[in-house]
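Encoded as structure tokens, the structure appears first; notes follow it.
Just so you know, these numbers come straight off a predicted model, no measurement behind them. Note that these values count all heavy atoms, side chains included, but never hydrogens, waters or copies made by symmetry.
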Number of protein chains: 2
Amino acid sequence: MDVIDRKILHELQANAKISMKELAQKVYLSSPSTIERVRRLEENGIIKGYKTIVDAEKLNRNITAFVLFETTKCKDLAAFCSVHPDVMECYRVAGKISYIAKVCTESVHTLEEFIDKAMEFGTPSTNIVLSSYTNMELKLSQDTSSG
Amino acid sequence: MDVIDRKILHELQANAKISMKELAQKVYLSSPSTIERVRRLEENGIIKGYKTIVDAEKLNRNITAFVLFETTKCKDLAAFCSVHPDVMECYRVAGKISYIAKVCTESVHTLEEFIDKAMEFGTPSTNIVLSSYTNMELKLSQDTSSG
DNA sequence: ATTGAAACGCCAGAAAC
DNA sequence: GTTTCTGGCGTTTCAAT
């Protein structure tokens, strides 16, 4: 993990489908060495995968919400959330709230259905997203630790 | 937006760097038609981009937390969050809580620093993530609406 | 208009230095 | 890490539905 690897991760986070040739130019290296660095980053698990980001609203998923749960049934709630198609992410957290689900659903009506079912596993408090800023990029510092 | 487009989006969400040839085989189409469909999905903005997912812990970002704010200074808080390198995502939400920031930071100490600074813009309540499930995939139903 | 087939150009991967 | 080389993929064009 040197400064070049961090630059590579920066570029790949912004655009996973950049060609290795163009990536090599951006980091001032030849294509083969760049490819080898990317391969190592994949092998080390530092690169976990390449995902396509889709526009939820354009696919009729108009409501995004964070549903916060006070519950003692985290296992059951996790099982419920992991198979529910509207749940994008969920988190076991430390605090008064013990579970957070990010849901992306068609309407307030389908959100209501989700909440009704989820109430079996805890007490939800729902926060509908009005606007968001998600760069989804891990900004890497210039220290030389880890890797 | 037909069933083939949804299959394409499903495959691309799982792996953005799948070759168009392999993708074509999965959806039982020729490469050119598959490429053309992907191009249209990009043009329509249904595909917003391709991102590389990196392992935060392997890069010394050991603490992920959701910081919930009660505040009336959303604009200022948004400005602060959008330039802070540890903030991965933030959301303006409707409810008693009015702002949610997802932060990914090196340690509880750097998290403390973030909270101290953020307190200028509202009252934070911090929920450290213990474990998570994030498929990050929008599961598409079989209806024919939108597009 | 959109799909499927073939040729072209270019990129990714391997070997040698 | 760089250069060279080759195989294979993505892209474009064209014909057909």
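Side chain of A/Ser98 to backbone of A/Thr71: a donor-acceptor contact under 3.5 angstrom is found.
The ring pair (Phe, Tyr, Trp, His ring centres under 6.0 Å) analysis of residues 87-113 of chain A, with sequence neighbours excluded, yields the pairs A/Tyr91-B/Phe66. Contacts classified as side-chain hydrogen bond (donor to acceptor under 3.5 Å, both in side chains) and involving residues 45-55 of chain A (residues at least two apart or in different chains) are given here: A/Glu42-A/Tyr50.
Proximity of B/Ser33 to the phosphate of C/dT3: no side-chain N or O atom is located under 4.0 Å from OP1 or OP2.
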>> What does the B/S/- profile of nucleotides 10-17 of chain C look like, 5' to 3', with a 4.0 Å heavy-atom cutoff to protein?
In response: -SSSB---
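Residue contacts for B/Arg39: at a heavy-atom cut-off of 4.0 Å it reaches no nucleic acid atom on any strand shown.
Between the side chains of B/Ser30 and B/Ser33, at least one donor-acceptor pair of N or O atoms lies under 3.5 Å.
Atom OH of B/Tyr50 and atom C1' of D/dG10 are 13 Å apart (whole Å). D/dG1 atom P lies 6 Å from atom CG of A/Leu29, rounded to whole Å. Atom P of nucleotide C/dT3 and atom OH of B/Tyr28 are separated by 18 Å, given to the nearest angstrom. Going from atom CD of B/Glu36 over to atom P of D/dC14 covers 16 Å, rounded to whole Å.
Hydrophobic clustering, with ILVMFWY side chains joined whenever heavy atoms are under 4.5 angstrom apart, groups A/Val27 together with A/Ile47.
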> Given the rule in the side chain to side chain contact (heavy atoms under 4.5 Å, CB included) test, do B/Lys139 and A/Asp86 qualify, once you have shown the distances and angles that lead to the verdict?
Replying inline: CA-CA 7 Å; B/Lys139 278 120 179 169; A/Asp86 289 357; over 6 Å; no
